[in-house]
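Working notes, beginning with the structure itself.
Side chains are part of it too, since the values below use all heavy atoms of this structure and drop only hydrogens, waters and symmetry mates.
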Amino acid sequence: MSRSSSPALVEPPRSWGPPPSAPDDQQCVATPVDATLGSYAAQSRALLDILKDLHSTGIQNELDLPKIVVVGSQSVGKSSLIESMSGIALPRNSGTCTRCPMECRLQQAATWSCQVVLRFQYDATGQALAEMKEVSFGPIIYDKDEVAERLERAQRAILSPSTSPDLILKDIHSGSGELTFSANCVCVRVAGPNVPDLYFYDLPGVIANVSDTGKEGDIELVDKLATSYISRPNCLVLLVITCDTDFENQKAGRLVLKSNDRTLKDRTVGVLTKVDRVQPGDEDRWLQILRGEELVLQNGWYCVKQRGPKELEGGQSWEEAKQQEKQFFSTRAPWCDLGGSFAARVGSEALATKLGRILSELVSRELPAIQTQVTRQLAEAKGQLAKIAPVNVGQPQTEVIRLLQDFNRTLCKHVEGLPPAVPTFGASAAIPKDVISAGLVNTLNKSYDRFRKRVKDTAPQFRPWSSQLEAEDGKSKLVTEIINEEDLLGHSSSPVFHLDEIMDFALQSRTRELPGNFPFSVKEALISHCTSQWREIASQCFQEVSDHLLDHVRHLIETQFGRYTGGGLKADVNHVQDLAESATQKLDELCQAEATPYTQNEHYFFDYREKLLLRYKAMHRRIKSQTSVIQSLQNHDSTKQPRGYSDQPQWQKINEALAALATVGIPGVVAIDLIKLLPDDSMGPAFEIMAEVRAYFQVAYKRFIDNIPKHIDNAFVRGITQNLDVTLLSRMVNNLTEERCREYLEEPLDVVSRRKELEARVKRLQAAKDRLLEFNQSQHRSNLLAPYSV
């Protein structure tokens with residue numbers, strides 16, 4: 001049956017509670033042991049209890065909880081080893097006995113009891129369930145003789161997912177089960193006198209081959225199950241090796257000791273079983289392993305003796321088996337001859353003590369990190385869950401309108417400008433490259449900046465010297481120097497026009513003009529050569545802005561409405577992209593206006609033209625080796641005498657010339673103005689044309705790089721938010737009936753499924769957090785009650 005047809009599922013208890021007292025007629029009296037637990041034993045018990053409770057919450061899939069896992073090959077004595085430590089009899093059949101993981105919590109108590117619980121974490125196909133479920137399997141057991149049969153039925157219930165566990169518990173349903181192996185777990189809690197404080201998982205025995213009726217896939221399935229446990233860094237592996245078979249023939253040993261995981265040997269405790277069956281003469285090999293001379297493990301090796309077939313058939317009790325084990329290791333050579341620390345590595349009691357100490361120390365060390373991870377993951381899961389919280393379906397029309405209004409407000413905020421979403425600042429901070437994380441307006445500004453640079457690169461490249469002069473020997477170096485110094489000369493991809501070429505073009509363009517005049521079409525043609533490229537550059541800028549804007553809008557639509565694809569709300573809202581695309585304005589009008597030279601900015605035009613004329617002429621004189629005169633005029637300061645004695649005569653003459661001009665009624669002339677009086681080699685008109693064309697380019701360039709981005713921003717970017725909520729509602733007005741709005745709010749199955757997964761995860765993590773809080777409080781109270789040592 002499916003999980004839903006199981007009997008009523010109870011919530012996993014945070015703690016299975018203190019060991020219950022048995023009825024008076026079933027009391028098992030403890031053998032004399034230390035009646036008062038020492039502080040270390042009490043702390044160890046508390047740590048193992050919190051570990052067991054954390055596993056009961058189901059968070060072991062999210063977190064790497066500390067655990068002991070018993071791993072061994074088929075029929076190496078794992079079940080007997082667990083019996084010797086727990087005191088319970090496990091089901092014994094031919095072949096592989098354990099077919100699912102068994103979680104064992106052993107705890108010392110005054111009276112003996114056993115409780116069995118089924119833990120379902122996976123479905124019949126092996127896929128993880130959204131929520132872990134625990135089912136109590138029968139009442140608490142007070143008679144040890146009932147345990148084996150209960151466990152056999154519990155394993156059968158795990159292997160029969162389509163059958164009610166109640167039917168299997170009452171033995172109404174028989175059979176071996178639908179599955180040969182399962183990752184779901186039988187949980188066993190045993191409390192009683194002389195039971196060690198221990199917590200571990202027993203896994204199915206690793207198999208090398210299957211019977212004629214078995215499945216070949218079971219070999220890989222069991223290997224993967226074992227690997228999924230032992231690969232966790234906080235997993236302590238109890239590797240069981242039998243002494244009646246060569247180590248090389250035991251697959252589990254190879255799985256652990258030959259692993260590529262170098263930490264696995266550091267996390268493994270080895271145990272040798274069936275030492276009473278070692279053939280005479282073979283003892284040295286196993287003794288070398290026990291002494292750490294071969295197959296070295298950081299936590300060493302132990303050896304145990306369990307009940308054999310004769311003792312089992314004879315009904316030997318657990319207590320009798322423990323006494324027989326102690327007698328064997330104290331009287332049988334070579335085991336009784338072990339000296340020093342190796343003598344403490346024999347017997348199941350020594351092994352259980354070692355495992356309990358290692359596990360409690362591991363839990364104590366990892367508990368702070370576990371608490372941190374639980375808190376962090378709980379906050380993350382709650383945050384993710386909040387993003388897909390269920391909508392208000394009680395008033396579907398109100399909810400749809402609210403969603404549309406929220407989307408409108410969000411889009412308006414992004415259009416107005418939000419800062420980049422950079423989490424950290426500094427040298428190591430990641431710079432956002434996509435439009436979403438960098439911010440819409442920030443990204444658009446970069447497009448406008450690229451647009452400005454492209455327009456600027458169309459500036460005419462005028463060279464105020466003849467093309468022949470540039471090719472003369474000795475002039476090329478000076479030409480290169482001037483070009484590199486003068487930003488006015490430009491470094492764009494536009495064609496280069498030399499002074500003589502401009503003059504020739506002007507002369508060839510003359511028609512009916514009077515002598516000394518040249519047609520305006522010369523300047524118009526040169527201007528048009530630059531501005532004709534602006535249409536394509538503006539279109540390119542608009543396309544960039546459009547792509548960025550639509551990407552951003554699509555992202556916001558996905559964020560706001562992505563979960564409503566089932567009812568079609570996302571598809572209907574996507575009409576906003578049509579609004580954005582239809583908002584394309586007539587940039588051609590602005591570009592067409594630039595096709596004809598025009599400006600009212602006379603002051604800027606004349607001022608720039610005069611400056612350009614002087615600079616062009618200065619460069620021309622410099623290239624013709626008239627640098628000294630121009631330099632003197634450019635650097636002249638009538639209020640300060642030059643430092644060099646040789647420069648004083650030139651300085652005096654310039655001052656006299658300026659004074660003479662003032663005397664004849666031409667005041668206000670400065671030295672640099674005298675450059676205009678220098679002869680131009682009949683190239684004066686060419687200088688005028690170059691200065692005017694370049695000056696007009698500067699005026700038009702500054703106008704254009706402002707107008708285009710401003711027009712795009714106002715008419716297109718900001719334009720799509722104008723009356724957006726009204727536009728959306730008007731488009732959907734016929735679809736805002738209550739029935740249609742309910743359809744709109746239908747969520748895809750994956751969203752519903754994801755919410756259930758997150759709700760279950762929050763529930764698990766919250767239960768773990770609560771239990772950790774209880775543990776911390778109990779530890780705090782224990783510390784307060786502890787006596788002070790003076």
Side-chain angles (χ1 to χ4, degrees), residues 67-84 89-104 121-122 124-126 148 151-161 175-186 188 200-232 235-261 264-265 268-274 277 295 304 306 308-309 312:
K67 64 177 72 68
I68 293 176
V69 175
V70 183
V71 177
S73 296
Q74 178 182 351
S75 302
V76 296
K78 283 195 307 93
S79 297
S80 297
L81 174 63
I82 293 171
E83 288 177 348
S84 66
L90 300 180
R92 294 177 177 275
N93 298 318
S94 59
T96 303
C97 301
T98 306
R99 293 185 175 272
C100 67
M102 183 171 70
E103 178 190 273
C104 298
Q121 291 179 264
Y122 306 93
T125 65
L151 291 179
E152 188 276 329
R153 293 183 184 182
Q155 179 171 266
R156 188 145 44 95
I158 290 290
L159 299 176
S160 306
S176 58
E178 308 156 25
L179 308 175
T180 52
F181 290 93
S182 174
N184 289 319
C185 189
V186 174
V188 185
F200 61 87
Y201 284 83
D202 178 32
L203 300 184
V206 178
I207 52 180
N209 49 65
V210 293
S211 62
D212 294 339
T213 58
K215 301 177 181 178
E216 287 293 335
D218 288 345
I219 297 176
E220 183 180 2
L221 189 151
V222 174
D223 285 352
K224 287 184 176 179
L225 181 62
T227 302
S228 69
Y229 276 80
I230 67 177
S231 61
R232 296 288 189 97
C235 175
L236 178 68
V237 180
L238 179 60
L239 176 60
V240 183
I241 297 295
T242 178
C243 293
D244 65 349
T245 303
D246 289 340
F247 172 83
E248 291 75 13
N249 295 330
Q250 301 185 51
K251 185 179 178 181
R254 297 194 303 272
L255 187 68
V256 175
L257 300 181
K258 304 297 183 183
S259 171
N260 293 328
D261 185 354
L264 201 50
K265 288 185 179 180
T268 299
V269 176
V271 56
L272 303 177
T273 62
K274 302 182 183 180
R277 302 186 191 181
L295 305 178
V304 296
Q306 306 104 316
L312 290 172

Which one of Val240, Val271, Leu239 satisfies the side-chain contact (heavy atoms from CB on, under 4.5 Å) criterion with Val70? Val240
What is the distance from atom CG of Asp218 to atom OG1 of Thr180, rounded to the nearest 0.5 Å? 3.0 Å
Rounded to the nearest 0.5 Å, how far does OG1 of Thr98 lie from CG of Asp202? 4.5 Å
Which residues pass the side-chain contact (heavy atoms from CB on, under 4.5 Å) test with Glu220, not counting sequence neighbours? Lys224
How would you list, by chain and number, every residue that makes a side chain to side chain donor-acceptor pair (under 3.5 Å) with Lys251, sequence neighbours excluded? Asp223
Atom pair OG1 (Thr125) and CG (Leu179), whose distance is rounded to the nearest 0.5 Å: 10.0 Å
State, yes or no, whether a side-chain contact exists between Gln121 and Asn184 at a heavy-atom distance under 4.5 Å. yes
Considering non-hydrogen atoms only, spot the tightest contact between Val222 and Val206 and give its length. CG1-CA, 4.0 Å
Rounded to the nearest 0.5 Å, how far does OG of Ser75 lie from CD of Gln250? 11.0 Å
How long is the span from the CD1 atom in Ile207 to the CG atom in Leu221, to the nearest 0.5 Å? 8.5 Å
Scanning both residues in full, the closest heavy-atom pair of Thr268 with Leu236 reads N-CD1, 4.4 Å
Where Ser182 and Leu225 come nearest, the two heavy atoms and their spacing: O-CD2, 4.2 Å
Where is the tightest heavy-atom contact between Asp261 and Ser231, given as atom of each residue plus distance? OD2-O, 4.4 Å
Kindly determine whether Arg232 and Val69 satisfy side-chain contact (heavy atoms from CB on, under 4.5 Å), including the steps that lead there. CA-CA 11 Å; Arg232 296 288 189 97; Val69 175; over 6 Å; no
Can you tell me how far the CZ atom of Phe247 sits from the CG atom of Leu295, to the nearest 0.5 Å? 4.5 Å
Those residues at least two apart in sequence (or on a different chain) that pass ring pair (Phe, Tyr, Trp, His ring centres under 6.0 Å) with Tyr229 are Tyr201
For the residue pair Pro101 and Leu203, what are the closest heavy atoms and their distance? CB-CD2, 4.0 Å
Which atoms form the tightest heavy-atom contact between Gly72 and Ala252, and what is the distance? C-CB, 3.4 Å
Okay, side chain of Thr273, backbone of Val76: is any donor-acceptor separation there less than 3.5 Å? yes
Residue pair Pro204 / Arg99, side-chain heavy-atom distance below 4.5 Å: no
